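Remember, predicted model here, so these are calculated numbers, not experimental data. Note on naming: letters A, B, ... go to the chains in the order of the sequence lines (proteins, then strands), and numbering restarts at 1 for each one.
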Protein chains: 2
Amino acid sequence: MHANVKQNVVPLITPGLKVACSQCNLRELCLPFGLSDDDMGRLDHLIGGGRKLKRGHYLYRAGDPFESIFAVRSGFFKTDVLTEDGRDQVTGFQMAGEILGMDGIGTEVHTCNAVALEDSEVCLIPFTELEMLSSEIHSLQHHLHKVMSREIVRDHGVMMLLGTMRAEERLAAFLLNLSQRFSARGYSPAEFHLRMTREEIGSYLGLKLETVSRAFSRFQDEGLISVQQKHIRIVDIPRLKTLLAPTDGRIG
Amino acid sequence: MHANVKQNVVPLITPGLKVACSQCNLRELCLPFGLSDDDMGRLDHLIGGGRKLKRGHYLYRAGDPFESIFAVRSGFFKTDVLTEDGRDQVTGFQMAGEILGMDGIGTEVHTCNAVALEDSEVCLIPFTELEMLSSEIHSLQHHLHKVMSREIVRDHGVMMLLGTMRAEERLAAFLLNLSQRFSARGYSPAEFHLRMTREEIGSYLGLKLETVSRAFSRFQDEGLISVQQKHIRIVDIPRLKTLLAPTDGRIG
DNA sequence: TTGTTGCATTGACAATTATCAAAGAGGTGC
DNA sequence: GCACCTCTTTGATAATTGTCAATGCAACAA
């Protein structure tokens with residue numbers, strides 16, 4: 001089998017963590033966005049508590065019955081799809097405030113795996129109950145739709161990346177995306193720790209790990225970033241951005 | 001500017017077509033799936049009529065305010081994303097019974113273009129009203145969520161294709177996908193007319209049009225399909241499928 | 001018919017990325 | 001500290017796909 005994340009087979013999750021949207025500093029990034037205090041209280045009621053996951057453990061696996069979606073409270077996840085013939089595609093990396101598990105709604109079964117890339121915590125949001133509550137709270141319903149729609153738009157961005165960009169462009173886009181998301185969470189946009197391996201980055205970007213590694217090295221040689229294993233410092237964000245708008249074949 | 005679809009600038013749509021889900025032979029494929037007669041009647045009420053589009057005309061464009069989603073009644077569409085720097089990625093091809101426009105929910109603005117690749121008809125589904133109705137009809141709400149979730153899962157499949165497959169595998173997957181969808185609509189799974197150009201196929205598959213053309217020719221040489229311009233006949237579906245499960249690096 | 005236009009095919013060659021292989025770095029447990 | 005393990009880096013070479021260019025084909029209009 002592929003050098004997949006870890007050797008554990010059972011999704012070792014620890015129940016019983018007390019959580020409340022109304023107390024959560026991620027609420028503006030997450031599902032309760034825009035709710036009144038009153039409605040937020042009703043959402044608190046519904047959240048099925050939290051779960052802690054150790055690094056390498058699965059939040060869910062392809063084939064698991066779908067019951068809940070999850071909000072990342074802390075930590076870092078990847079989702080990937082594994083086909084019968086051994087193909088493995090990382091479909092995303094999720095960090096605090098982001099929602100996981102919406103792939104399972106359509107089939108009632110999860111269609112990808114979600115793995116913690118570091119020790120993490122999630123909130124469990126039972127989906128049937130979320131639907132019930134969202135038919136009473138219009139803003140919750142609408143926000144759920146927005147979250148799903150944004151996931152579709154994000155996927156389109158990945159298709160664009162995979163379909164039209166070259167290796168270095170893909171990596172630049174990836175770094176800038178991480179930078180922006182860390183920044184939105186109050187962390188440095190210029191300096192961060194990668195939670196995933198070169199192979200996982202490569203899988204996400206449709207490249208082999210060696211190609212990812214070489215692109216990192218090239219960026220470093222050109223003074224765009226500084227890399228030390230998983231530690232990244234972006235030295236020149238503007239110039240990194242120009243890598244994405246290449247030959248300047250502009251129109252108007 | 002790129003050899004984009006057509007020279008029209010205004011989305012020339014013709015309003016006033018009378019439609020009713022309850023009378024529609026696509027209802028089992030489309031949004032009203034699973035509704036009672038009674039609820040279907042309420043959905044009929046909400047559908048904002050139909051629109052006809054001539055080939056080459058836009059159903060919506062990136063930047064248009066989002067108001068409705070659309071169900072394809074007949075015809076064939078493509079959606080694509082165009083970036084400032086001139087990249088163009090086809091994100092999907094849609095046929096009868098499929099839903100268009102969900103990309104716009106999250107931002108209240110459409111994020112891609114939808115173009116008719118042949119003369120087509122769509123049903124217009126005002127989204128705010130759909131949300132209102134779906135908070136009253138649980139099965140409608142749930143089905144909407146399923147439709148959105150399946151779009152996410154479909155996108156994951158495209159990522160897998162773009163991230164892990166080689167040119168011929170991508171084209172085989174593409175043909176088999178079309179075949180299956182035509183089949184589900186009562187058309188021949190083995191013989192059909194492509195509505196899109198080689199360039200559009202290439203954009204969808206992350207390949208150049210020449211590569212697509214060469215792959216078609218190779219398939220024909222090997223007796224898998226017969227190609228004459230846009231007319232395709234799949235001669236050997238099983239063997240085409242084996243192209244997707246390649247080196248047989250199976251596990252168990 | 002003939003010319004025009006857009007799309008498709010094919011060939012020769014170049015660029016990009018993958019593959020294979022070896023060595024280096026860093027962390028963990030003993 | 002030392003051994004082990006995983007991950008990363010780098011080089012040499014091969015495979016795949018892109019690029020450029022020419023020709024072919026089909027539909028359509030004059």
E210(A) or A167(A): which one's nearest nucleotide on DNA chain C is closer to the 5' end?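 On the 5' side of the pair lies A167(A).
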5′-ward residue of the pair Q229(A)/M165(A) relative to DNA chain C: M165(A)
Between [N] ([atom2]) and [X] ([atom1]): distance, integer Å:
X	N	atom1	atom2	answer
L194(A)	dG27(C)	CG	P	14 Å
M196(A)	dT8(D)	CE	P	11 Å
Q228(B)	dG24(D)	CD	P	18 Å
K54(A)	dT28(C)	NZ	P	13 Å
F216(A)	dA25(C)	CZ	P	19 Å
D221(B)	dT10(C)	CG	C1'	12 Å
R195(A)	dC7(D)	CZ	P	17 Å
R55(A)	dG27(C)	CZ	P	12 Å

Determine, for D119(A) against R55(A), whether the closest basic-nitrogen to carboxylate-oxygen distance falls under 4.0 angstrom.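 Here D119(A) does not pair with R55(A) in a salt bridge, since their nearest N and O are not under 4.0 Å apart.
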So, R185(A) and E98(A), do they make that salt bridge, N to O below 4.0 Å?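 Yes, this pair counts.
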Correct closest heavy-atom pair for G106(A) and S149(B) would be N-OG, 2.9 Å
Respond yes when some side-chain nitrogen or oxygen of [X] is under 4.0 Å from OP1 or OP2 of [N], and no when none is.
X	N	answer
S217(A)	dT10(D)	yes
R198(A)	dC7(D)	no
K208(A)	dC20(C)	no
T211(B)	dT16(D)	no

Find out whether the Lys NZ or Arg CZ of R61(B) is both under 6.0 angstrom from the six-membered ring centre of Y58(B) and within 45° of the ring's axis. yes
Once you apply a heavy-atom cut-off of 4.0 Å, does [X] come out as touching a base, just sugar-phosphate, or nothing?
X	value
G202(A)	nothing
L209(B)	base
T197(B)	sugar-phosphate

Selection from dT16(D), dA8(C), dT8(D) that lies nearest to any side-chain heavy atom of K230(A): dT8(D)
Nearest listed nucleotide, side chain of R214(B), among dT19(D), dT8(D), dG18(D): dT19(D)
Counting only pairs under 3.5 Å, give me each side-chain donor-acceptor contact of residues 213-220 of chain A, with atom names and distances, residues two or more places apart or in other chains.
{"unit_1": "S217(A)", "atom_1": "OG", "unit_2": "S213(A)", "atom_2": "O", "d": "3.1"}
{"unit_1": "R218(A)", "atom_1": "NE", "unit_2": "E168(A)", "atom_2": "OE2", "d": "3.4"}
{"unit_1": "R218(A)", "atom_1": "NH1", "unit_2": "E168(A)", "atom_2": "OE2", "d": "3.3"}
{"unit_1": "Q220(A)", "atom_1": "OE1", "unit_2": "V227(A)", "atom_2": "N", "d": "2.8"}

